[in-house]
Structures are given as structure tokens and as C-alpha cells.
Amino acid sequence: MNAFTAKSEDGASELKISVSEAGAAVTEAEFAGIMKALVPSALSERGLEAVKSKAETLSFAGEEHCALRCEAVLVTESGEKVSVCQLSVFVKSGRFIASVTATAYIEDSTDSILGGFYALA
């Protein structure tokens, strides 16, 4: 379920937050692996060509979480190729996993977009 979407005024980046019921036994790492397998078809449905993706662990809002970093190419109607970078961080709570996804076009700013999150006291 897509819970939240925001786009920059210039259209160069966007942020999406979604929540999925994954079950109590599914870990963030397993969820990242499932998402990695789905990336090529999900990107192609949006008109993108997947170039590469990799699962990793990174610090998000003060804690370590599994993430998926993807690079793709968008071919415009005029034939121009635009670089698309996407970074999804997975945060598990009980049976649910939140996916916080930053997408940047042309220049990769996904780390700085997600770097703006912090844990509440």
C-alpha cells in the first residue's frame, strides 16, 4: 500500500513510503531479496530499463537497516537516455515492513534525501 508520495518542485527527485504486511518471520534482508527479484519487471512497467541493483545495509534514522539500491535508464520519447537512481530502505515492525524509497533523476541524490530522516526521541 502506497502511503505517502512527495516530489520535488523541479521533478528531479521523489520520495515514496509504503507499508506491506510481510509476516512475522520475514526479515528485512529477506524482504530486500524479494524486492530485488521484482525490480526488473517493476521498472519496465514504468518504462525504465534496469541496469543494476544491489542489496546492502545502511544507517537510516539512526539505526542499521537493509536497503536496495537500483540504477536504471529512462528512454524518453525523443530517444534521450536519463539516468534514474533509486534507494529503498526497509524498516520492519512486527508483521509489517515500511519501504522508504528515494528516486533521483539525472544525478544520484538518494543518500541525501534519505539522510534527512531521524528517529523521534
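One N or O on the side chain of K36 and one on the backbone of S53 form a donor-acceptor pair closer than 3.5 Å. Here the side chain of S109 pairs no donor or acceptor atom with the backbone of S112 at under 3.5 angstrom. Here the side chain of Q86 pairs no donor or acceptor atom with the backbone of C70 at under 3.5 angstrom. At distances below 3.5 Å, at least one donor-acceptor pair connects side-chain atoms of S8 with backbone N or O atoms of S13.
Side-chain heavy atoms closer than 4.5 Å link hydrophobic residues (I, L, V, M, F, W, Y) into clusters, and following such links, possibly through other members, connects L43 to L74. When hydrophobic clusters are built by joining Ile, Leu, Val, Met, Phe, Trp and Tyr residues whose side-chain heavy atoms come closer than 4.5 Å, directly or via intermediates, L87 is grouped together with F4. Note: the hydrophobic cluster containing F31 does not contain I17 (ILVMFWY, side chain heavy atoms under 4.5 Å, direct or indirect links). When the side chains of ILVMFWY residues are joined at heavy-atom separations under 4.5 Å, either directly or via intervening members, V26 and L68 end up in a single hydrophobic cluster. Linking ILVMFWY residues whenever their side-chain heavy atoms come closer than 4.5 Å, directly or via other members, leaves V84 and V89 in distinct clusters.
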For R69 and L58, run side-chain contact (heavy atoms from CB on, under 4.5 Å): C-alpha distance rounded to whole Å, both residues' side-chain angles, the deciding distance at 0.1 Å, then the answer. CA-CA 11 Å; R69 189 178 300 272; L58 56 84; 4.2 Å; yes

Walk me through it: do I113 and T103 pass the test side-chain contact (heavy atoms from CB on, under 4.5 Å)? CA-CA 9 Å; I113 293 169; T103 304; over 6 Å; no

Could you give me the CA-CA distance, side-chain angles and deciding distance for F117 and L15, then say whether side-chain contact (heavy atoms from CB on, under 4.5 Å) is met? CA-CA 12 Å; F117 283 83; L15 178 69; 3.7 Å; yes

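Here the shortest heavy-atom pairing between A22 and I97 reads CB-CD1, 3.8 Å. Here the shortest heavy-atom pairing between L38 and S41 reads O-OG, 3.2 Å. The two residues A104 and D108 come nearest to each other via the heavy atoms CB-CA, 4.3 Å. Heavy atoms only, all atoms of each residue included: Y105 and E14 are closest at OH-OE1, 3.6 Å. In terms of heavy-atom proximity, S59 sits nearest to E64 at CB-OE2, 3.5 Å. Minimum interatomic distance between T101 and S88 (heavy atoms only, all atoms of both residues): OG1-OG, 2.8 Å.
A 6.0 Å sphere centred on CD1 of I106 holds no more than 12 heavy atoms belonging to other residues, nucleotides or ligands. The neighbour count for E21 CD, taken as heavy atoms of other residues, nucleotides or ligands under 6.0 Å away, is above 12.
T76 and S78 are linked by a side-chain donor-acceptor pair at a separation below 3.5 angstrom, with hydrogens and angles left out of the test.
Using the six-membered ring where Trp is involved, F60 and H65 have ring planes that are perpendicular, over 60° apart on the 30 and 60° scheme.
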